[in-house]
> 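Following this message is one structure expressed as structure tokens.
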Protein chains: 2
Amino acid sequence: MSELDKTLLDTNSDTNRPITISVDAMGGDNAPECVFKAIKICLKEFKDIKFKIFGNRKKIDELLDSYRDIKEKCEIIHSEEEIADDEKPSVALRKGRRSSMYMAINAVKNGEADAIVSSGNTGALMAISKILLQTLPGIDRPAIGGIMPSEKDYCVMLDLGANIHCDAENLFEFAVMGSAFARIVLGKENPSVGLLNVGAERNKGHEVLRTALNLIEESDININLYGYVEGDDIHRGTVDVTVTDGFTGNVALKTAEGTSKLYTNILKRCVGKSLFGMLGSVIASPAFLKAKKIMNPKNYNGAMLLGLNGIVIKSHGSTDKYGFANAIKVAHKLVKQNINDQITREMISSGHVPPRNGFEEEVVE
Amino acid sequence: MSELDKTLLDTNSDTNRPITISVDAMGGDNAPECVFKAIKICLKEFKDIKFKIFGNRKKIDELLDSYRDIKEKCEIIHSEEEIADDEKPSVALRKGRRSSMYMAINAVKNGEADAIVSSGNTGALMAISKILLQTLPGIDRPAIGGIMPSEKDYCVMLDLGANIHCDAENLFEFAVMGSAFARIVLGKENPSVGLLNVGAERNKGHEVLRTALNLIEESDININLYGYVEGDDIHRGTVDVTVTDGFTGNVALKTAEGTSKLYTNILKRCVGKSLFGMLGSVIASPAFLKAKKIMNPKNYNGAMLLGLNGIVIKSHGSTDKYGFANAIKVAHKLVKQNINDQITREMISSGHVPPRNGFEEEVVE
């Protein structure tokens, strides 16, 4: 194995060493306090974790006095600038090295952290991550992969909005990356993968989808391909991973969020209209709250910007401490099980990354 | 006004005459009995309606004995063939004139019926309708328009799956057709229209969307344009009409159906797990059933194949008598208020249909 291949595959291979998570403390609606509350939750669960927190030291120091118990696990690094939620990626990029987001991602690039978590501006996070971390070998475009509830339990969907236009090769890469994500985050040994389409028959949909289907079928890749799935298959749990372009994926994700929110509100409204409705809902309230929680997308917090040469986790901007803690836990899992190593191995074994001296044989062994 | 223009606009203008609905009695899971149950419901509400029912006479006659009270309003026309739900449109077309669906659409073409309603195969319904009825002046491609629940009340979405690829002109036409549909079916005087995208900013999304936005803004068309909307705006009720291509629309519709079904099932499961849950749900059951009903897509039955030179209504294949009755009511409303006349007027006034002798002035007046 060449030195380069070793570098590609062996980073983070010592899974017993403590994990360092870099946090952009200035992104999202509830920043920075939400970050410390979340860290407190995580430190109760994991002993092998520490944090590098990037943000405005003045704001952070004021807060940190109330979180003395987590202080020793947190290193605070001052940043001059913050990236606003509605800032264009180009403007965010101009702020350069001074923003908390840039500095937090840079810590991953420099090997000072194993993953970065941010509730900030998604476009800026992707743009800065692409520049600083670049993509994994064989990956043309990174994609946003997230988790949704399903009839069976959970499923993974990607791309949730990074790439408006995708070709068949991109969808092939998404299938590889989505499978690795589902193996680690959902614990599925051999996750099934479906391509999102408007019908199950082979002749349905765009040409890009038909080419992607052939590409996966004809390759030696270790993908458990189901075939095409439709919109209602996502929540039915027909497959573990739904692959689609970033336009369709973003519309599907947001439509699901909107439907779920409407159902909750309609339920409240119907129940509130009668005495029996109100009485019944009070008696059954723990059950309703549980159903609402399962259907609330914030509880599946922790989408990954897949395909980058570093683990970058995007948290919902409006998440609470539990949601942010979940995003940290996702990061922890992905570092421990070295997702990028898995993706790189698959891409090399599929022949989509040019083989190097003696490498292919070793992977096959 | 030329004779041609008069023909385009004056069909069905006598809204006091009785309306004839042509029904394909052999399509859908519950055919043909569901059709007669639905007709019974409709005849209680409308006196000015009669039916031409196309289907296998033997099957129908057996049933009709139990529906003597509706017999005088129904003319039965025997058809030799039925189109299966999974039949390819090309195969359905080969069955030609012998199928109940073809004959029912043909009745509209011949002026023997004002609208056709079918629960059958959507692809076949669109293919046969396009051939027999052709499109309205200025309309390049028909689209499927349907209704969805929203925070405000209801909204219209199109295209729900007829056209995988759409250009900006197609989306422009969908905006015109969707506005007319919302005016009549939702009773909105000046329905707002949004183009489905992955963000609200002008530079977001596909080039096709940006061109369509400019096209609508720069035309003299009577469209209340909101701008771009996102997936969660559909159910939020941000606009009355959501315009998108048939691929995205189909995925969004089915994702919403899947989410809604999952929410209902998760709710049942959570409630069933505890004694209090079960007790509360029994007490509040009328309220829950109402919420479930509002969120059930079958209750918005009656999508229209918009843009055809005739009113074609597609009912859900698995609908029940209430759903099918609703599809008939939608047809009744659209005939009474002459939707195709409205669409044609708009298309001519927008300049997207070449003006003819002295016509443009008359429309403006």
Side-chain angles (χ1 to χ4, degrees), chain A residues 88 149-151 161 164-165 196-199 201 204-206 230-236 244 246-248 250-274 276-292 294-295, chain B residues 88 149-151 161 164-165 196-199 201 204-206 230-237 244 246-248 250-274 276-291 294-295:
Chain A
K88 283 191 183 169
S150 86
E151 291 283 357
I164 298 300
H165 299 281
L196 190 57
N197 201 341
V198 295
E201 305 83 14
K204 286 277 178 181
H206 295 287
E230 297 186 64
D232 49 349
D233 285 306
I234 302 169
H235 290 89
R236 194 180 286 140
T244 185
F247 187 90
T248 315
N250 187 275
V251 168
L253 172 74
K254 288 190 174 159
T255 302
E257 286 178 0
T259 309
S260 187
K261 205 169 171 184
L262 177 64
Y263 206 129
T264 301
N265 291 343
I266 296 268
L267 204 56
K268 272 187 205 159
R269 223 176 291 160
C270 290
V271 153
K273 272 185 184 159
S274 79
F276 283 115
M278 284 189 278
L279 181 68
S281 74
V282 168
I283 295 172
S285 67
F288 298 149
L289 289 175
K290 198 172 171 196
K292 189 183 156 193
I294 293 174
M295 293 305 295
Chain B
K88 283 191 181 169
S150 85
E151 291 283 358
I164 298 300
H165 299 281
L196 190 57
N197 201 341
V198 294
E201 305 83 13
K204 284 278 178 181
H206 294 288
E230 297 186 63
D232 49 349
D233 286 306
I234 302 169
H235 291 90
R236 194 181 285 139
T244 185
F247 187 91
T248 315
N250 187 276
V251 167
L253 172 74
K254 288 189 175 158
T255 301
E257 286 178 1
T259 309
S260 189
K261 207 169 170 186
L262 177 65
Y263 205 129
T264 302
N265 292 344
I266 295 269
L267 204 56
K268 272 187 206 161
R269 223 177 292 162
C270 290
V271 152
K273 273 186 184 160
S274 78
F276 283 115
M278 284 190 277
L279 180 68
S281 74
V282 168
I283 296 172
S285 67
F288 298 149
L289 289 174
K290 199 173 169 194
I294 293 173
M295 293 305 295

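Quick caveat, the model's predicted, so the values are computed rather than measured. Atoms considered below: every heavy atom in the structure, side chains included; atoms not considered: hydrogens, waters and symmetry mates.
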> With rounding to the nearest 0.5 Å, note down the distance linking CD1 in B/Ile283 to CD1 in A/Ile283.
3.5 Å
> Decide yes or no for B/Val198 and A/Ile164: does some side-chain heavy atom of the first lie under 4.5 Å from some side-chain heavy atom of the second?
yes
> Tell me, out of B/His165, B/His235, B/Glu230, B/Met278, who's got the most heavy-atom pairs with chain A below 4.5 Å.
B/His235
> Quick check on the interface: out of B/Gly277, B/Gly272, B/Gly258, B/Gly205, who has the most heavy-atom pairs with chain A under 4.5 Å?
B/Gly258
> In terms of heavy-atom proximity below 4.5 Å to chain B, should A/Ile234 be classed as side chain, backbone, both, or neither?
side chain
> Quick check on B/Leu262 against chain A: is it the side chain, the backbone, both or neither that has a heavy atom closer than 4.5 Å?
both
> What option among B/Arg236, B/Glu257, B/His206 has the most heavy-atom pairs under 4.5 Å with chain A?
B/His206
> In terms of heavy-atom proximity below 4.5 Å to chain A, should B/Ser150 be classed as side chain, backbone, both, or neither?
backbone
> Taking B/Val271, B/Asp233, B/Leu253 one by one, which has the highest count of heavy-atom pairs under 4.5 Å against chain A?
B/Val271
> Are the aromatic rings of B/Phe247 and A/Phe247 close, with centres under 6.0 Å apart?
no
> Per the salt bridge (Lys or Arg N to Asp or Glu O under 4.0 Å) rule, what does the pair list look like for residues 258-274 of chain A, sequence neighbours excluded?
A/Arg269-B/Glu151
> Taking every heavy-atom pair that is under 4.5 Å apart, which of B/Leu289, B/Thr244, B/Asn197 has the most such pairs with chain A?
B/Asn197
> Is the shortest side-chain heavy-atom distance between A/Phe276 and B/Pro286 below 4.5 Å?
no
> May I ask you to test the B/Met295-B/Tyr263 pair for a side-chain heavy-atom distance under 4.5 Å?
no
